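Residue numbering restarts at 1 for every chain, and letters A, B, ... go by the order of the sequence lines. Being a predicted model, the structure only gives us computed values, none of them experimental. All values below were derived from every heavy atom in this structure, side-chain atoms included, with hydrogens, water molecules and symmetry-related copies excluded.
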Protein chains: 2
Amino acid sequence: MARSGRRPGESGARERIAESARAAFGEFGFDGATIRIIATGAGVDPALVHHYFGSKQRLFLSVMSLPFNAEFLKRQLLAPGLTGVGERLVRFFLGVWDEQPSVRPILTGIVRSAMTEPDAALLLRDFLGRQGLFQLVAAIAPDRAELRAVLVGSQLIGLAMARYIVGLEPLASADPEQLVASIGPAIERYLTGDLGAA
Amino acid sequence: MARSGRRPGESGARERIAESARAAFGEFGFDGATIRIIATGAGVDPALVHHYFGSKQRLFLSVMSLPFNAEFLKRQLLAPGLTGVGERLVRFFLGVWDEQPSVRPILTGIVRSAMTEPDAALLLRDFLGRQGLFQLVAAIAPDRAELRAVLVGSQLIGLAMARYIVGLEPLASADPEQLVASIGPAIERYLTGDLGAA
DNA sequence: CGGGGAATTCATCATCTGTAGAATTCATCC
DNA sequence: GGATGAATTCTACAGATGATGAATTCCCCG
């Protein structure tokens, strides 16, 4: 008579929860994405979320990790030489946001949550700093690589915020190649140019 | 015996609530800043907040308006001519964040809240777009002023996020003049340079 | 000196939040 | 085929949150 208990067949509930969580974190941020919203999105009882992931924080950290491959990026961006590396980086960055439906909620979620959640801010710092961009920048310009990396990071994160989160026009609906041509040279200067006195 | 009722003398409660609200919104964002936190910060009962401002949203909008004076900025930045206008804009921008203790929580609050609160996103769009930066940019470069304005805005907002909200090193503790020298030319190119094909 | 209105607080509501524990159902292994 | 354990749900709690309405106290004007 009761409807509790295990359901027959393979359910894949855990993966459905993870996907629903990514979507919710991406749309509403850490605070706005409630466990009940996530559970409903996965067609599942809220308690099951805790059963699998323990707490909301652990759920966030388990599910929102970025598949960032610095080695691959280095090869991809530096193969044609140094000239045009700024354009290529912007093109790659926009491509990830525009064309990869699985990665986008992770990125928006991290950015949205980093404003208020220290854990998310840590993820963002890692991506922009030592664990992420820095690896790439150090291979291009060893001198003052930290400063160059965060300058590039600040422009890229500002671009993402304006285009994808705040929806600032005409940035939000600009043609990607227009942005590559506009922003690429600025990035390239951060990467290889003269940054002024220390 | 009861402690309710009006208190003797001038209290300035309304202004204390406004200030406490600015501080709380700046530190915790719209969602994190609860009415109780705001009331406690003002030394006041939570109901008084509603008495004066109606709802939390109206409180936010009443209290978080930016004193942005485009005319003053134009005169200030364009007086010495066009050369170096990028550096001057970055210097002015950093000066507002670094040196004006009253404006800073408003800025952090808008940025923090814009990630999840549509009203705050609107404020941010206004500041970066038609009502704000665009006024300045149009006076400098009439051609493609909208695009130039949002490009400048994206770099400035990214800088603010990295330096003041996420605390990304070495950006967070960099010397302002170092940042003026590093970022100013990029801004200047957005303002006056060639942005590539349309 | 009396009354109207503003300031302030109290008590409270309905709702939502993350989380925990117990109960129920199924799959699998011996 | 009974036992063990995992999957899933139910019920519930304790706390926080935004909001409301009534009560209380004071100021000011006549």
Participant: Distance under 6.0 Å and angle within 45° of the ring axis: does A/Arg14 meet both against A/Phe53?
Facilitator: yes
Participant: In whole angstroms, how far is the P atom of D/dA6 from the CZ atom of A/Arg14?
Facilitator: 14 Å
Participant: How long is the line joining CZ of A/Arg58 and P of C/dG18, in whole Å?
Facilitator: 15 Å
Participant: Which ones in residues 36-50 of chain A lie close to DNA chain C, meaning a heavy atom under 4.0 Å from one of its atoms?
Facilitator: A/Arg36, A/Ala47, A/His50
Participant: Using whole Å, report how far CD of A/Glu15 lies from C1' of D/dT8.
Facilitator: 18 Å
Participant: Could you verify whether a donor N or O on one side chain and an acceptor N or O on the other, from A/Glu169 and A/Ser173, lie under 3.5 Å apart?
Facilitator: yes
Participant: Within this structure, what is the CZ-to-P distance between A/Phe53 and C/dA20, rounded to whole angstrom?
Facilitator: 16 Å
Participant: On DNA chain C, compare the nucleotides closest to A/Gly54 and A/Gly32; which residue's is nearer the 5' end?
Facilitator: A/Gly32
Participant: OP1 or OP2 of D/dA6 less than 4.0 angstrom from a side-chain nitrogen or oxygen of A/Tyr52, does that happen here?
Facilitator: no
Participant: Taking the basic N atoms (NZ, or NE/NH1/NH2) and the acidic carboxylate oxygens, is any pair closer than 4.0 Å for B/Arg189 and B/Asp194?
Facilitator: no
Participant: Taking the side chain as everything from C-beta on, heavy atoms only, tell me whether B/Leu151 gets closer than 4.5 Å to B/Leu195.
Facilitator: yes
Participant: With respect to the side chain of A/Ile35, which nucleotide from C/dT8, D/dT17, C/dT19 is positioned closest?
Facilitator: C/dT19
Participant: Take a 6.0 Å sphere around CD of A/Glu27 and say whether it holds more than 12 heavy atoms from other residues, nucleotides or ligands.
Facilitator: no
Participant: Using 4.0 Å as the upper bound for N to carboxylate O, is an ion pair formed by B/Glu99 and B/Arg104?
Facilitator: no
Participant: Rounding to a whole Å, what distance do you find between A/His51:NE2 and D/dT11:P?
Facilitator: 19 Å
Participant: Find the distance B/Lys56:NZ to D/dA16:P and express it as a whole number of Å.
Facilitator: 15 Å
Participant: Tell me yes or no: between the side chains of A/Ser182 and A/Gln178, is some donor less than 3.5 Å from an acceptor?
Facilitator: yes
Participant: Write down the distance between CZ (A/Phe30) and P (C/dT17), rounded to a whole number of angstrom.
Facilitator: 13 Å
Participant: Quickly work out the A/Arg16 CZ to D/dA7 C1' distance and round it to whole Å.
Facilitator: 12 Å
